[in-house]
Amino acid sequence: MNITLPDKSVRELPEGSTGYDLARDIGPGLAKSAVAVIVDGEKKDLCDVLPENSEVSIITIDSDDGLEIMRHTLTAQVLAKALKNLYPDSHLAIGPTIDDGFYYDVETKKSISVDDLSDIEKEMQNIIKSKSSITKKLFSKKDALKVFKNLKEPYKESIISESDQKEDFQLYYQDNDNFVDLCRGPHLPSLSFIGSFKLTKISGAYWKGDSKNKMLTRIYGTAWNTEKELNSYLTAIDEAEKRDHRKLGKEMDLFHFQEEAPGMVFWHPYGWTIYRQLQNYVRERLEENDYLEINTPQVVDRKLWEASGHWDKYRENMFITEIDEEHANDKRVNALKPMNCPCHVQIYNQGIKSYRDLPLRYAEFGSCHRYEPSGTMHGLMRVRGFTQDDGHIFCTENQIESETEKFIELLSRVYRDLGFESFEIKLSTRPEVRVGSDEVWDKAESALESAIKNLGHPYEIVEGDGAFYGPKLDFVLTDAIGREWQCGTFQADFNLPERLDAEFIGEDGKKHHPVMIHRAVLGSFERFIGILIENYSGKLPLWLAPQQVVVASIVSDANEYVNEIVSKLKEEGIRCESDLRNEKISYKVREHSLKKVPIIFAIGKKEVAENTVSVRKIGNKDSVIKPLSEAIKEISKENSI
RNA sequence: GCUCAUAUAGCUCAGCGGUAGAGCACUUGCUUGGUAAGUAAGAGGUCACCGGUUCAAGUCCGGUUAUGAGCUCCA
């Protein structure tokens, strides 16, 4: 039979040849490192018989596909077997690969904890030492079910019985052993290909990801071809932990949380300075873009939430308050606003609006509260009390496109200024359940899409992921270590203006409902500041840094000059402090460097005599001596963006 | 909300049945030192909260709250 290789060359092999035979035919080196094959685009085991006239490429252990297969074999054949050896009464569920590693879900009688991981690792090493080869057999549905019924593996049974497949269930075996795993494969031909690995964490996970189902134990691990790669991965994880905003927030004295107000931020002076800088910056951009800043109540009667539909659909996420009878004659039920939109419509609804008033852009730094489930909170990233850089644009259908363009331009400017050079756009289109006619949806979706196209920005369409009230754009930025954060959003809404009776008088003299666009660039100040801290590892750009300059004396004779410098810097609007403590300069430098102060002035006898400053910038080991006036000029320049 | 873990001095952590410990930070003394930790002394804790076991509980057990890692959720 003839097999076509990736370079289009054709090889002739005897009937019934396998991927391994092909590899051996090409060369002994390849045969040694081959772990699987891709047959007509599908990954197959090396032991599978190749079909006539197929296109085949060989996966070697050192390729990305090879690594993934190794991780897969490690979890399904080694971790699973180790678990069965150590906990014979456990039931195996599934064991897929993920980025950088793998996990296995298992149900155990006795709960497994992190302390058990090293024992499990040891058992895995024992299994790997056997260097067993892995073989597979094909079973019919009926026979496969029988096998797993005998093995008392209900999850495997359920996978098989729910499959549409009738024949060819693949069961994998190791030498001289009764361990069996059901798997779509492919697997390594032998355990000798397993590289370096480490079990990393343990947690619960619902069977099939459904919170109604039983919770299983999930064991996570990471695996690499070499010890070196494993170590550099583990180091990278440590580095990421070092920039955790919760840790840096404590070290830099930015904010804290406490038990009495879970999920609500206590902003310290330095943290609040960052917040204010960011807010001032956004406010300037909003003013440039013809937004009108407003402010609306935080505690609002349930009647409004009933009218907006939130009471029905969102109540379990709302903080509800009751006013006690001592304080009010009739008992009222209020809710802390989880969103600003209904309140913005109330402002829109004051007075009659004409088509000439549109588009009307309201913006609010809206303080919102949402009762997030307890397990979902995470530092500044997911909180219960937060402030959105929220805005609502009331416009006609015809104005959606130009408003979209204007918004994307605003957002790109903001992200660029904040240090995020690129972002992705996701366009979510109509879901199954929705309000509004198809005609309106057609119009809105194409308005959003052509706005992005006009600006030449790449985008991705997510079919059916729009809200029930309209299509939306999501903006995802990438941080310094490659993580993605969905921050900006732009959502057309055909529902709320109608529900809350927002109207305008059109050119035809008749009343119409405007389209309402919900939009945010940062999303929430709290979360965005968390992202900024992590992106910069706490070393914020000068204009955002809470303390911009610390002026530290080297000898106490310089104290007077230090105070003079501080007041001059303050006159220039530079945030600075003096450090006159009775400590050595290296001690002061170390301390302020750890607090990520961007600029340290060290002032000794020489500087006093020459009216200069010794400037040390964060990240630099060297300092530069320059005249005070020059130093101030440079900092002021860098400070204005 | 679910699973597992954690909660001891301002911070980072040790102690794991016999009436609290380290390093750093803090205060004071000495030191005036040139770019990432000068030195000595001192002060600082209802061991998250509530209950139980025990002659005796940070220490063992149960509950509550918060936090962490995941899962689920984020109209």
Side-chain angles (χ1 to χ4, degrees), chain A residues 98 103 105 107-108 111-117 200-220 241 244 246-247 250-251 253 256-263 308-318 338-339 341 370-379 381-384 431 433-435 466-469 472 486 489 491 493 495-496 523-524 527 550 552-559 580-595 597 600-607 614-625:
Chain A
I98 48 175
Y103 65 77
D105 284 352
E107 185 189 342
T108 52
S111 69
I112 301 177
S113 79
V114 273
D115 301 330
D116 301 316
L117 290 182
T200 49
K201 56 195 170 193
I202 203 159
S203 80
Y206 299 108
W207 168 235
K208 288 187 186 161
D210 187 334
S211 59
K212 288 190 211 80
N213 287 341
K214 192 159 193 161
M215 184 155 281
L216 310 172
T217 304
R218 176 170 296 178
I219 297 167
Y220 286 89
E241 269 168 28
D244 188 312
R246 294 166 299 185
K247 185 171 141 65
K250 209 175 269 172
E251 286 169 7
D253 194 15
H256 84 271
F257 290 92
Q258 66 184 50
E259 226 175 296
E260 289 81 356
S308 70
H310 288 88
W311 195 259
D312 264 358
K313 291 216 171 71
Y314 204 72
R315 181 155 36 139
E316 62 181 33
N317 283 298
M318 288 161 71
M339 296 172 199
C341 28
R370 294 182 188 171
Y371 189 83
E372 300 287 355
S374 57
T376 60
M377 273 148 2
H378 181 90
M381 301 301 191
R382 184 118 173 224
V383 286
R384 285 183 175 160
V433 184
R434 57 180 184 266
V435 299
F468 74 90
Y469 50 71
K472 65 168 179 177
Q486 201 268 110
T489 185
Q491 311 187 3
D493 187 344
N495 175 249
L496 202 60
S524 113
R527 179 163 174 271
V550 167
S553 59
I554 297 171
V555 290
S556 51
D557 287 347
N559 288 0
L580 305 176
R581 290 175 304 169
N582 177 16
E583 297 292 350
K584 290 203 164 168
I585 190 63
S586 50
Y587 179 93
K588 295 184 186 182
V589 166
R590 174 184 151 82
E591 192 161 282
H592 298 118
S593 298
L594 287 173
K595 296 232 160 157
V597 176
I600 299 168
F601 285 181
I603 309 299
K605 285 183 182 133
K606 204 159 73 180
E607 287 75 13
S614 165
V615 183
R616 181 186 167 121
K617 292 198 176 183
I618 192 154
N620 285 2
K621 277 222 159 76
D622 305 321
S623 54
V624 183
I625 296 185

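Within every chain, numbering begins at 1; the chains are lettered A, B, ... in the order of the sequence lines, protein sequences first and strands thereafter. Bear in mind that the values here come from a model prediction, so they are computed numbers and not experimental data. These values consider heavy atoms only, across backbone and side chains, with no hydrogens, waters or symmetry-generated copies.
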Quiz item: B/rG15 and B/rA22: how far apart are their P atoms, nearest whole angstrom?
Solution: 15 Å
Practice problem: Measure from CD1 on A/Ile202 to C1' on B/rA5 and round the result to the nearest Å. | Solution: 10 Å
Quiz item: Which base sits across from B/rG51 as a Watson-Crick or G-U pair, both distances under 3.5 Å?
Solution: B/rC61
Quiz item: Is there a donor and acceptor pair closer than 3.5 Å between the side chain of A/Tyr206 and the base of B/rG1?
Solution: yes
Exercise. For B/rG10, take OP1 and OP2 only and decide whether either is under 4.0 Å from a side-chain N or O of A/His256.
Key: no
Quiz item: Looking at A/Arg246, does any N or O in its side chain come under 4.0 Å of the phosphate oxygens OP1/OP2 on B/rU67?
Solution: no
Exercise. Check whether any side-chain heavy atom of A/Val555 lies under 4.5 Å from a side-chain heavy atom of A/Lys605, and answer yes or no.
Key: yes
Quiz item: Once you round it to whole Å, what is the distance between P of B/rC24 and CZ of A/Arg590?
Solution: 11 Å
Exercise. Just call it for A/Arg315: base, sugar-phosphate, or nothing, with non-hydrogen atoms closer than 4.0 Å on any strand.
Key: nothing
Quiz item: Counting distance only, does the side-chain N/O of A/Asn620 pair as donor-acceptor with the main-chain N or O of A/Asp622 below 3.5 Å?
Solution: no
Practice problem: Once you apply the 3.5 Å cut-off to both distances, tell me the Watson-Crick or G-U wobble partner of B/rC13, or none. | Solution: B/rG21
Exercise. Give the rounded distance in Å between these two atoms: NZ of A/Lys595 and P of B/rC24.
Key: 17 Å
Quiz item: Below 4.0 angstrom from OP1 or OP2 of B/rC11, is there any side-chain N or O of A/Lys250?
Solution: no
Quiz item: Nearest to the side chain of A/Glu583 - B/rG38, B/rG33, B/rA36?
Solution: B/rG38
Practice problem: Please determine, for the side chain of A/Met339, which listed nucleotide (B/rA75, B/rG38, B/rC71) has the closest atom? | Solution: B/rA75
Quiz item: With no angle test and no hydrogens, is the base of B/rC73 tied to the side chain of A/Arg382 by a donor-acceptor pair under 3.5 Å?
Solution: yes
Exercise. Using a heavy-atom cut-off of under 4.0 Å over every strand shown, decide if A/Met318 touches base, sugar-phosphate, or nothing.
Key: nothing
Practice problem: Would you classify A/Ala602 as touching base, sugar-phosphate or nothing, given that sugar-phosphate means primed atoms plus P, OP1 and OP2, and contacts are heavy atoms under 4.0 Å? | Solution: base
Quiz item: Judged by atom type as modelled, is there a donor-acceptor pair below 3.5 Å linking the side chain of A/Asn213 to the main-chain atoms of A/Trp207?
Solution: yes
Practice problem: Could you state the atom-to-atom distance from CG of A/Asp105 to C1' of B/rU72 in whole Å? | Solution: 13 Å
Exercise. Could you please name the option among B/rG34, B/rA36, B/rA66 that lies closest to any side-chain atom of A/Pro262?
Key: B/rA66
Quiz item: For A/Glu372, which of A/Arg384, A/Arg382, A/His378 qualifies under side-chain hydrogen bond (donor to acceptor under 3.5 Å, both in side chains)?
Solution: A/Arg382
Quiz item: A/Arg218 side chain to A/Ser203 main-chain N or O, any donor-acceptor pair under 3.5 Å?
Solution: no
Self-check item: Side chain proximity check, A/Tyr587 to A/Arg581, heavy atoms < 4.5 angstrom
Solution: yes
Exercise. Look at the side-chain N and O atoms of A/Tyr587 and state whether any lies under 4.0 Å from the OP1 or OP2 oxygen of B/rC24.
Key: no
Quiz item: Any donor-acceptor pair under 3.5 Å between the side chain of A/His310 and the base of B/rA75?
Solution: yes
Quiz item: Base, sugar-phosphate, or nothing: which does A/Lys606 touch, judged by heavy atoms less than 4.0 Å apart?
Solution: base
Quiz prompt | Distance-only donor-acceptor test, A/Arg218 side-chain atoms vs B/rA69 base atoms, 3.5 Å | solution = no
Self-check item: Partner nucleotide of B/rA56 by Watson-Crick or wobble geometry (both distances under 3.5 Å)
Solution: none
Quiz item: A/Asp244 has an atom CG; how far is it from atom P of B/rU67, in whole Å?
Solution: 14 Å
Quiz item: Just checking A/Pro373: base, sugar-phosphate only, or nothing, at a heavy-atom cut-off of under 4.0 Å?
Solution: base
Quiz item: If you pin A/Ser113 and A/Phe468 to their nearest nucleotides in RNA chain B, which one's is more 5'?
Solution: A/Ser113
Quiz item: Using purine N1 to pyrimidine N3 plus N6-O4 or O6-N4 for Watson-Crick, or N1-O2 and O6-N3 for G-U wobble, each under 3.5 Å, what pairs with B/rG42?
Solution: B/rC26
Exercise. Report which part of the nucleic acid A/Gly466 touches: base, sugar-phosphate, or nothing (heavy-atom distance under 4.0 Å, all strands).
Key: nothing
Quiz prompt | Sidechain-backbone polar pair: A/Lys588 side chain, A/Ser553 backbone, donor-acceptor under 3.5 Å | solution = yes
Exercise. Ignoring backbone atoms, test whether A/Lys584 places a side-chain nitrogen or oxygen under 4.0 Å from the OP1 or OP2 oxygen of B/rA36.
Key: no
Quiz item: Looking at the angle O4'-C1'-N9-C4 for a purine or O4'-C1'-N1-C2 for a pyrimidine, is B/rG23 syn or anti, with syn meaning within 90° of 0?
Solution: anti
Quiz item: Within the structure shown, what part of the strands sits under 4.0 Å from A/Leu594 by heavy-atom distance: base, sugar-phosphate, or nothing?
Solution: base
Quiz item: With distance as the sole criterion, do the side chain of A/Glu607 and the base of B/rG34 form a donor-acceptor contact below 3.5 Å?
Solution: yes
Quiz item: Does the distance from a Lys or Arg side-chain N to an Asp or Glu carboxylate O, for A/Arg246 and A/Asp244, drop under 4.0 Å?
Solution: yes
Quiz item: Which listed nucleotide (B/rC71, B/rA75, B/rU32) is nearest to the side chain of A/Tyr314?
Solution: B/rA75
Exercise. When you get a sec, tell me which of B/rA37, B/rG33, B/rC2 is the closest nucleotide to the side chain of A/Met215?
Key: B/rC2
Quiz item: Whole Å only: how far is the CD1 atom of A/Ile554 from the P atom of B/rG38?
Solution: 14 Å
Practice problem: Measure from CG on A/Asn213 to P on B/rC2 and round the result to the nearest Å. | Solution: 16 Å
Quiz item: A/Gly604 or A/Ser374: which one's nearest nucleotide on RNA chain B is closer to the 5' end?
Solution: A/Ser374
Quiz prompt | Side-chain donor/acceptor of A/Ser556 to base of B/rU32, under 3.5 Å | solution = yes
Practice problem: With a 3.5 angstrom cut-off on both distances, give the Watson-Crick or G-U wobble partner of B/rA69, or none if there isn't one. | Solution: B/rU3
Exercise. Return the value, rounded to whole Å, for the distance between atom CD of A/Glu316 and atom P of B/rA75.
Key: 12 Å
Quiz item: More than 12 foreign heavy atoms under 6.0 Å from CD of A/Gln258: is that the case here?
Solution: yes
Quiz item: At under 4.0 Å between heavy atoms, what does A/Phe257 touch on the DNA or RNA strands: base, sugar-phosphate, or nothing?
Solution: nothing
Quiz item: Reckon A/Gly309 touches a base, only the sugar-phosphate, or nothing at all at heavy-atom distances under 4.0 Å?
Solution: nothing
Quiz item: In terms of side-chain heavy atoms of A/Ser586, which of B/rG34, B/rC73, B/rA36 is nearest?
Solution: B/rA36
